[in-house]
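All residue numbers in this chain count up from 1 along the given sequence.
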Amino acid sequence: MLASAKSIVRVRKIDAPEGDASLEAKIARIEKALAESRLGEALDEAGRLPPEAAAAIAGWRAKAAARHSVDEAIATVENELKAALSSPAPSAPADRDK
C-alpha cells in the first residue's frame, strides 16, 4: 500500500538553503520567489538550472522574462513620474511691464 501511495504522491522540499545546489532546491527557490512576487530572482535561479531542466521551462522563461521587462519599464516610468511630480514647479518669470 505504501509503494502504491509513493507512486501517486511525490514529496518535494518547499524551502531550500541558498547553498543547496540540487535541482530540487533550485526549483523550491524558484517557487518561493514566484510566490513572493520576486520574478527577477525566480528568473535568475531558473538560469542556474541544468540544461535538461532549463529546456523543459524554456517557454515559461521567455514569457516570464518578457513580463519582467514590462514590469521594470513600468516601475521606471512610475519613478520618473513621481520624481517629476515631487520636484518644485518652475517659478513664473517676473513681469517686466510693471
Contact list for residues 47-61, test side-chain hydrogen bond (donor to acceptor under 3.5 Å, both in side chains), sequence neighbours left out: E45-R48
Pairwise distance CZ(R38) to CG(D44) - rounded to 0.5 angstrom: 11.0 Å
Over all atoms of both residues, closest heavy-atom pair of K26 and A21: CE-O, 3.3 Å
Residues clustered with V77, ILVMFWY side-chain links under 4.5 angstrom: none
Audit row: L49, I30, side chain to side chain contact (heavy atoms under 4.5 Å, CB included) steps and yes/no: CA-CA 10 Å; L49 292 173; I30 291 169; 4.1 Å; yes
Heavy-atom closest contact (R67 atom, L39 atom, distance): CG-CD2, 3.8 Å
Minimum heavy-atom distance between I57 and A46, given as atom pair plus value: CD1-CB, 3.9 Å
Any side-chain heavy-atom pair of E41 and K32 under 4.5 Å: no
From E36 atom CD to E31 atom CD, the distance as rounded to the nearest 0.5 Å: 12.0 Å
OG1 on T76 to CG on D71, rounded to 0.5 Å: 10.5 Å
